[in-house]
Structure formats: C-alpha cells, structure tokens
Amino acid sequence: MKIINEHIKSDEYKNVYLIYGDEPYLKKQYRDKLKAAIAGDDTMNYTYYEGEKLSVRDIIDMGNTLPFFAERRLIVIQDSGFFKSSNEQLADYIRNIPDYLIIVFVENEVDKRNKVFKAVNEVGYATEMKPQTTSVLEKWIVGLLKAEGKVISKDAADLLLNKTGASMDLIKGELDKLISYCADRQEVTAVDVEAVCTTQTVSRIFDMIAAIASKKQQQALSLYYDLLTLKEPPMRILYLIVRQFNGILQVKEELAAGKSSGEIARIMGVAPFIVGKYVSQAKNFKTSQLEEALVDCAEAEEAVKTGRLNEKMAVELIIVKYSGKSSRSFCPEGDGSGQQHTERRG
C-alpha cells in the first residue's frame with residue numbers, strides 16, 4: 001500500500017499492478033486511487049474488463065492502441081482468473097508491455113507459481129491486501145469519525161469490531177449508520193453501537209461457540225434460534241460452526257508448537273483479534289473434543305444429505321451435545337425427532 005501511495009505521489013508508475021487478497025475494501029480503494037491518479041476523468045484512454053471469460057486477444061488489441069492526446073492508456077482487469085491458470089500469451093505480453101500502457105489487475109485468488117504472476121513480479125508490482133490488525137482498524141475507525149467531527153471510545157470501537165469482524169466494508173457501513181444516528185452529537189458511545197449496529201453472523205457464531213464451551217446450553221440455543229429468525233440457512237450455520245471448531249483446533253495446535261498469536265494470525269491469514277478469540281475459546285476444549293466435534297458435524301451433514309435428519313434438527317443436536325453438562329453421542333439415525341442416546345464419559 002505504501003509503495004502504491006509513493007507511486008501516485010511521484011506520478012511515476014509501474015506498467016502493471018496486481019492487487020489481490022482477502023480484504024475487498026482495500027482492493028477497491030487502491031484500484032480507484034490508481035484510476036483517479038492515472039486516468040482521472042479521461043474515458044477515451046481508460047478501459048475496464050471484468051469476469052473470467054475475458055479474451056486475451058481483446059486486451060492486447062486494446063493495449064496496443066496508442067493513447068489519444070494523452071501520455072498513458074489505463075486498463076483495469078477485475079476477477080479475471082488469469083492468476084489461477086497459466087496463460088502464456090498474456091505473460092509474454094506483460095513482459096513486453098508498451099511504455100505508455102498501465103494494466104491494473106484486481107483479483108481474489110492467485111497462484112504464485114502462475115506464469116502471469118511471475119511476469120507481473122518481473123516488470124510490475126504485486127501487493128496482497130490482507131485483513132488488518134485490531135490496532136490498525138481502530139486507528140482507521142478513529143480517523144473516519146474524526147473527519148466527520150466525531151470521537152469514539154476504545155470500548156465502543158472494540159464493541160463495533162466484535163459486531164462486524166475485520167471486514168472493512170462492514171465496518172464502514174456501520175460507521176455510516178453511527179454518524180447519521182449521532183447527528184449533531186460529537187461522541188459515539190458503546191450504547192450507540194448497541195443501538196444501531198448489526199451483529200454479523202460470524203460474530204454470533206463466535207458467541208454461540210463461547211456459550212457451548214461454557215456449557216450455557218440455553219444461551220447457545222437462543223443464539224441459534226436468533227440466526228434462524230434472521231433467515232440464516234441451518235447448513236450455513238453448520239459450515240460456520242465447523243470453521244470455528246477448525247480455527248480453534250488449529251490455534252490450539254500452533255500454540256502447542258510454541259507459536260505466538262501474531263505468527264498464528266499470519267499462518268491462518270486472519271486478523272490478530274480473531275486469533276485472540278480463538279485463543280480464549282481454545283482453553284475450554286480438549287483437542288480430542290474438537291476432533292470429535294468435527295467428526296460429528298460431518299456426520300450431521302451426511303445425515304441431512306441422506307434424508308435421515310432435517311437441517312434445523314441436525315444443527316440443534318450438535319449444539320445440544322457440546323453445550324450439555326455431560327457428553328451425548330450424536331444420533332443421526334432415526335426419524336429426525338431429535339432423540340439422543342446419553343452416555344457418561346468417565
């Protein structure tokens with residue numbers, strides 16, 4: 001990000017850029033920054049392509065068209081898939097790109113062994129937009145509110161992040177709501193955040209897993225029913241439960257291997273404050289429990305696919321088993337009535 005900002009400030013650019021990664025807000029922001037700096041309102045020398053069915057020949061033909069009364073021609077290519085499968089023609093073109101041409105690729109996934117990726121690395125600049133750390137997100141929140149003449153306490157900012165997760169798009173949307181809600185009032189408080197900000201599904205899943213780990217069965221089930229009321233499909237909830245259990249298990253294993261929270265965040269590709277939540281929850285589970293839970297979730301999914309359980313009941317059984325005071329065996333057989341076999345583990 002710093003390097004792109006320096007290029008814009010100096011008005012000296014690479015001929016090709018690749019902006020990729022898991023943070024869509026930053027990808028869009030830096031795509032738009034480059035477009036504004038290089039092309040401005042010049043529509044004659046700017047072309048935008050999107051999607052995985054793009055013709056490389058069309059891109060090359062456009063790239064070989066001399067700019068009209070301008071020094072540069074800009075092509076922006078979004079979600080092309082060129083960095084997931086090899087394309088010799090495009091890789092060769094990038095290595096021999098005309099001096100006047102700048103191409104900006106914006107992608108979700110890249111394979112660094114890919115020939116197009118290697119070509120960009122040779123002649124251009126590639127940057128990965130990762131989820132930001134808690135401290136960076138908090139500074140960003142403070143900066144956005146300061147621009148609107150408002151301040152926010154650390155407790156309120158932490159609460160906002162707990163509701164939204166690390167997605168900058170979601171955070172920005174909730175901040176817009178807070179700015180409107182607070183109107184002429186300068187301070188944004190935790191009460192305001194509770195009043196107007198939406199708790200995202202993933203955050204509710206974190207809360208549900210925490211309730212399960214603490215054996216607060218009624219709270220865990222209440223959160224599940226809340227998600228159903230919000231029209232979340234049971235199988236998506238199951239998928240998120242599996243992801244949480246997998247995350248907790250991975251953190252537990254990495255901690256056992258002596259890794260720090262910062263190192264784990266880099267390995268997992270998530271924001272450090274997410275790892276902090278996993279670390280907190282990992283204390284409440286044995287490795288064997290997490291492994292068993294993942295097996296049970298797979299069996300629940302299979303039971304739904306084969307018609308032995310309905311979706312709602314399958315997820316409910318998982319929650320009931322792991323939030324109960326005693327361990328209960330998962331029962332995918334039968335009529336879907338929710339009957340369970342209880343056994344004590346000594």
Test of ring centre spacing under 6.0 Å for Tyr17 and Phe105: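 Between Tyr17 and Phe105, the centre distance exceeds or equals 6.0 Å.
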
Decide if the gap between the ring center of Tyr278 and the ring center of Phe206 is smaller than 6.0 angstrom. yes

Of all the heavy-atom pairs spanning [X] and [Y], show the shortest one and how long it is.
| X | Y | result |
| --- | --- | --- |
| Asp99 | Asn15 | O-ND2, 3.1 Å |
| Gly63 | Pro98 | O-CG, 4.1 Å |
| Val304 | Glu311 | CG1-CG, 3.6 Å |

Salt bridge between [X] and [Y], side-chain N to carboxylate O under 4.0 Å?
| X | Y | answer |
| --- | --- | --- |
| Glu6 | Lys9 | no |
| Lys305 | Glu301 | yes |
| Glu52 | Lys84 | yes |
| Lys115 | Glu88 | yes |
| Lys321 | Glu292 | yes |
| Lys259 | Glu253 | no |

Does some side-chain heavy atom of Arg57 sit less than 4.5 Å from a side-chain heavy atom of Ile60?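 Result yes, sub-4.5 Å side-chain heavy-atom pair found.
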
Could you give all pairs that pass the side-chain hydrogen bond (donor to acceptor under 3.5 Å, both in side chains) test and reach residues 136-154, with sequence neighbours left out? Lys154-Asp158

Could you give all pairs that pass the side-chain hydrogen bond (donor to acceptor under 3.5 Å, both in side chains) test and reach residues 34-44, with sequence neighbours left out? Asp42-Asn45

Same apolar cluster: Val76 and Leu101, side chain cutoff 4.5 Å: no

Using ring pair (Phe, Tyr, Trp, His ring centres under 6.0 Å) as the criterion, list what pairs up with Phe117, not counting sequence neighbours. none

